[in-house]
Trainee: 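To start, I am sharing the structure in question, which I have written as structure tokens.
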Amino acid sequence: EYSSNGSVVSSFSLTDINVSSSKPGPDSINFVDPTSVFKAELEGEKSGKERLAAVRVETLPRVVKGFTLYNHVEVNLFPGVVHHLVVQISKSIGKLFLSYFGLSK
């Protein structure tokens with residue numbers, strides 16, 4: 001949605017996300033589901049209209065080229081639904097993340 005003053009309002013929503021590994025390593029073999037890396041689990045009865053995330057961003061009019069100021073940024077995970085996010089990180093993946101972000105010794 002564009003305004004005449006140059007500001008922009010954007011929004012989008014995701015309905016589902018599931019990240020899995022087709023070749024789980026030996027570190028993850030003891031997980032309940034060794035192939036699962038990230039998944040969302042909803043509690044109770046599902047209507048099929050649940051959203052994983054709703055994102056809304058409002059920008060102010062650009063005053064300087066290439067520089068955007070944000071008036072509002074909102075991220076809602078499963079708005080109005082009881083949920084659990086399941087993240088399974090093995091030791092080797094943890095080390096990889098630490099190395100990537102320069103936190104390993």
Side-chain angles (χ1 to χ4, degrees):
E1 165 183 328
Y2 295 95
S3 299
S4 59
N5 66 2
S7 63
V8 178
V9 176
S10 302
S11 61
F12 66 91
S13 62
L14 299 172
T15 55
D16 192 18
I17 188 168
N18 184 13
V19 179
S20 60
S21 172
S22 59
K23 296 181 181 181
D27 292 343
S28 59
I29 205 67
N30 292 324
F31 291 152
V32 174
D33 178 0
T35 63
S36 180
V37 177
F38 179 89
K39 68 180 176 180
E41 295 179 344
L42 302 182
E43 290 186 8
E45 200 169 315
K46 295 152 194 68
S47 68
K49 296 180 183 179
E50 293 83 9
R51 296 175 295 159
L52 169 72
V55 179
R56 184 168 178 266
V57 177
E58 293 179 21
T59 64
L60 295 171
R62 283 201 174 176
V63 230
V64 178
K65 186 175 181 169
F67 189 71
T68 302
L69 291 175
Y70 294 91
N71 186 42
H72 183 88
V73 176
E74 180 179 343
V75 178
N76 291 305
L77 295 177
F78 287 110
V81 179
V82 179
H83 65 281
H84 299 283
L85 296 178
V86 179
V87 180
Q88 297 183 143
I89 299 177
S90 66
K91 186 177 181 178
S92 57
I93 294 294
K95 285 182 179 180
L96 181 68
F97 281 127
L98 289 174
S99 173
Y100 179 78
F101 291 107
L103 301 173
S104 63
K105 292 181 179 182

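Along the sequence shown, the residues carry numbers beginning at 1. Note that the coordinates shown come from a computational prediction; the quantities given were computed from them, not determined experimentally.
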Trainee: With no hydrogens and no angle check, is any side-chain donor or acceptor of Thr35 less than 3.5 Å from a backbone partner on Ser20?
Mentor: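 Judged by distance alone, no pair lies under 3.5 Å.
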Trainee: Minimum heavy-atom separation for Pro24 and Pro34, please, with both atom names.
Mentor: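 Taking Pro24 first and Pro34 second, the nearest heavy atoms are CB-O, 3.3 Å.
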Trainee: Could you see if Val32 belongs to whatever hydrophobic cluster contains Ile29? Use Ile, Leu, Val, Met, Phe, Trp, Tyr and a side-chain cutoff under 4.5 Å.
Mentor: no
Trainee: The criterion is side-chain hydrogen bond (donor to acceptor under 3.5 Å, both in side chains); which residues satisfy it with Ser28, sequence neighbours excluded?
Mentor: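 side-chain hydrogen bond (donor to acceptor under 3.5 Å, both in side chains) check on Ser28 returns nothing, list empty.
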